[in-house]
Amino acid sequence: MTQVPTIKLNSGAQIPQLGFGVYQIPPEDTADAVKTALDIGYRHIDTAEMYQNEKGVGEGIRNAGIDRSEVFVTSKLNNGFHKPDDARRAFDKTLSELGFDYVDLFLIHWPLPTLYDGDYVSTWKTLEEFAKDGRARSVGVSNFQVEHLERLAAETGTVPAVNQIEVHPYFTNERVRAYGTEHGIATEAWSPIAQGKVLDDPVITRIAEQAGKTPAQVVLRWHIQRGDIVFPKSVTEQRIKDNFALFDFELGTDDLDAISALDKGEDGRTGPNPDTFDYVP
């Protein structure tokens with residue numbers, strides 16, 4: 001079986017650099033998709049309360065017949081539950097839905113700086129409770145900007161294990177990634193292929209043709225070689241297999257640089273800006 005490299009988090013945990021994402025996979029399809037991914041060799045599953053498919057993730061892991069300790073499972077706090085008591089109840093529900101007594105990583109999904117009087121610090125302190133009692137082996141954040149991370153450091157003195165942010169060739173998000181590198185925060189890249197927008201780019205298709213790989217494989221390999229943690233999602237078995245086949249080739253420095261040069265800055269974002277995003281389901 002392919003050996004996926006791991007990254008050591010500041011919590012001491014080892015996270016597989018390649019995982020399987022279940023964003024927008026319908027709850028009724030999640031268990032089968034997760035089992036397929038695990039059968040192929042994935043050992044890292046990324047879900048969230050907001051996706052409403054945590055139950056399927058747990059079912060898929062059990063159906064695959066793999067020991068719980070062998071699968072790295074991430075979930076995220078829904079935006080409506082930032083207040084400490086709400087966060088505690090929401091986390092209890094996550095564990096119940098998954099059918100596990102712990103998660104490997106639990107994240108604040110969005111900072112929501114314009115809501116809750118801008119208070120995401122008390123939310124973070126609540127997640128630290130989950131880490132202290134062992135029900136979350138690591139805790140982190142998602143979609144936090146540099147200013148949000150600086151505030152956490154200033155007011156709590158602690159550092160998230162990861163920051164899951166939008167990263168892809170059209171939006172390399174270098175300022176946030178660089179802050180993470182400097183402060184020991186691992187970067188997880190969501191929307192790693194920009195919802196498919198980068199796959200027809202001439203630079204990427206040229207590199208893919210030369211490498212004998214698909215454009216998606218080339219972009220995911222770019223992430224891997226840069227040190228990002230990625231978790232592409234699909235419900236198609238062949239595509240799930242293709243997304244896993246990233247470790248039998250390498251991109252040269254010139255190709256890595258050419259892909260990074262596609263960055264469009266803020267114009268390349270495909271998702272919301274964390275400074276203003278205020279969606280509560």
Side-chain angles (χ1 to χ4, degrees), residues 1 4 15-16 18-81 86-110 130 135-136 142-143 164 166 168 188-197 199 214 216-217 220 229-245 270-272 277 279-281:
M1 182 180 292
V4 176
I15 184 171
L18 175 65
F20 181 70
V22 298
Y23 174 60
Q24 291 185 332
I25 295 181
E28 63 271 19
D29 298 331
T30 302
D32 286 344
V34 168
K35 182 180 182 301
T36 296
L38 294 171
D39 288 345
I40 289 168
Y42 292 82
R43 292 295 183 267
H44 170 188
I45 309 294
D46 181 275
T47 185
E49 294 173 0
M50 197 182 297
Y51 305 165
Q52 299 183 349
N53 55 17
E54 291 170 311
K55 185 176 181 180
V57 168
E59 289 178 359
I61 293 171
R62 286 185 288 275
N63 292 345
I66 296 173
D67 190 274
R68 168 67 184 90
S69 64
E70 295 183 20
V71 185
F72 192 103
V73 179
T74 299
S75 195
K76 313 175 193 76
L77 181 71
N78 208 337
N79 290 351
F81 305 122
D86 293 338
R88 294 181 187 108
R89 284 189 289 269
F91 184 65
D92 287 343
K93 184 179 179 183
T94 280
L95 295 181
S96 176
E97 289 286 295
L98 288 166
F100 302 143
D101 57 7
Y102 74 95
V103 291
D104 296 276
L105 178 64
F106 195 66
L107 311 177
I108 300 176
H109 206 150
W110 289 88
F130 308 151
R135 293 184 299 154
S142 181
N143 300 299
Q164 186 177 122
E166 180 177 352
H168 49 75
E188 295 189 322
W190 65 258
S191 194
I193 58 174
Q195 300 176 357
K197 291 182 173 66
L199 300 184
T214 68
Q217 287 171 324
L220 293 172
I229 299 161
V230 288
F231 33 88
K233 73 98 179 176
S234 179
V235 294
T236 305
E237 182 174 359
Q238 187 57 53
R239 191 166 296 166
I240 296 173
K241 287 181 179 178
D242 289 345
N243 290 341
F244 193 70
T270 64
F277 187 62
Y279 172 71
V280 176

Given side chains that start at C-beta, do those of Tyr51 and Pro27 come closer than 4.5 Å, heavy atoms only? no
What's the spacing between Lys55 NZ and Lys93 NZ if we round to 0.5 Å? 11.0 Å
Out of curiosity, Arg68 CZ to Asp101 CG, how far, rounded to the nearest 0.5 Å? 8.0 Å
Contact between Asp29 and Asp32 at the side-chain level, heavy atoms closer than 4.5 Å - yes or no? no
Counting C-beta onward and ignoring hydrogens, is there a side-chain heavy-atom pair between Leu105 and Glu188 closer than 4.5 Å? yes
Just checking, any donor-acceptor pair under 3.5 angstrom between side chains of Ser75 and Glu54? yes
Determine yes or no for a side-chain-to-main-chain donor-acceptor pair under 3.5 angstrom, with Thr236 supplying the side chain and Arg239 the backbone. no
Within the 4.5 Å heavy-atom criterion, are Lys197 and Thr270 side-chain neighbours or not? yes
On a heavy-atom basis, the closest approach of Phe100 and Gly58 is CZ-CA, 3.9 Å
For Pro16 and Phe72 the tightest heavy-atom approach is CD-CB, 3.8 Å
Would you kindly say whether Asn53 and Glu97 are connected by a side-chain donor-acceptor distance under 3.5 Å? no
Side chains of Asn143 and Trp190, donor plus acceptor under 3.5 Å: yes
Residue pair Leu95 / Arg135, side-chain heavy-atom distance below 4.5 Å: yes
Intermediate values then yes/no, salt bridge (Lys or Arg N to Asp or Glu O under 4.0 Å), Lys76 and Asp46: CA-CA 9 Å; Lys76 313 175 193 76; Asp46 181 275; 2.6 Å; yes
What do you reckon, are the aromatic ring centroids of Phe20 and Phe231 less than 6.0 Å apart? no
Side-chain heavy atoms of Gln24 within contact of Lys233, under 4.5 Å: yes
Minimum-distance pair of heavy atoms, taken over all atoms of Ser234 and Ile240: O-CD1, 3.4 Å
Checking Gln164 side chain against Ser142 main chain: does a donor-acceptor pair fall under 3.5 Å? no
May I ask you to decide if the ring planes of Phe130 and Phe106 are parallel, tilted or perpendicular, using 30° and 60° as cut-offs? perpendicular
Between Val71 and His44, is there a side-chain heavy-atom distance shorter than 4.5 Å? no
Within this structure, what is the CZ-CG distance for the pair Arg62 and Leu38, rounded to the nearest 0.5 Å? 12.0 Å
In terms of ring plane angle, is the pair Tyr42 and Phe244 parallel, tilted or perpendicular, where the classes change at 30° and 60°? tilted
N/O donor-acceptor pair under 3.5 Å between His109 side chain and Asn79 backbone: no
Measure the spacing between CE of Met50 and CG of Leu77 and express it to the nearest 0.5 Å. 9.0 Å
Taking all non-hydrogen atoms of both residues into account, name the closest pair between Thr94 and Val103 and its distance. CG2-CG1, 4.3 Å
Between CG of Asp39 and CD1 of Ile66, what distance do you get to the nearest 0.5 Å? 6.5 Å
Ignoring hydrogens and geometry, is there a side-chain-to-backbone donor-acceptor pair from Asp104 to Thr74 under 3.5 Å? no
Measure from the side-chain N and O atoms of Glu166 to the backbone N and O of Gly271, and report whether any donor-acceptor pair falls under 3.5 Å. yes
List the atom of Ala33, the atom of Ile25, and the distance in Å for their closest heavy-atom pair. CB-CD1, 4.2 Å
Between atom OG1 of Thr47 and atom CD of Gln52, what is the distance when rounded to the nearest 0.5 Å? 10.5 Å
Is the NZ or CZ atom of Arg89 positioned over Phe81's six-membered ring, under 6.0 angstrom from the centre and within 45° of the axis? no
For the residue pair Glu237 and Thr36, confirm or rule out a side-chain donor-acceptor distance under 3.5 Å. no
Check Pro232 against Leu18 and note the closest heavy-atom contact, atom names and distance. CD-CD1, 3.7 Å
Is the backbone of Glu59 close enough, under 3.5 Å, to the side chain of Asn63 for a donor and an acceptor to pair up by distance? yes
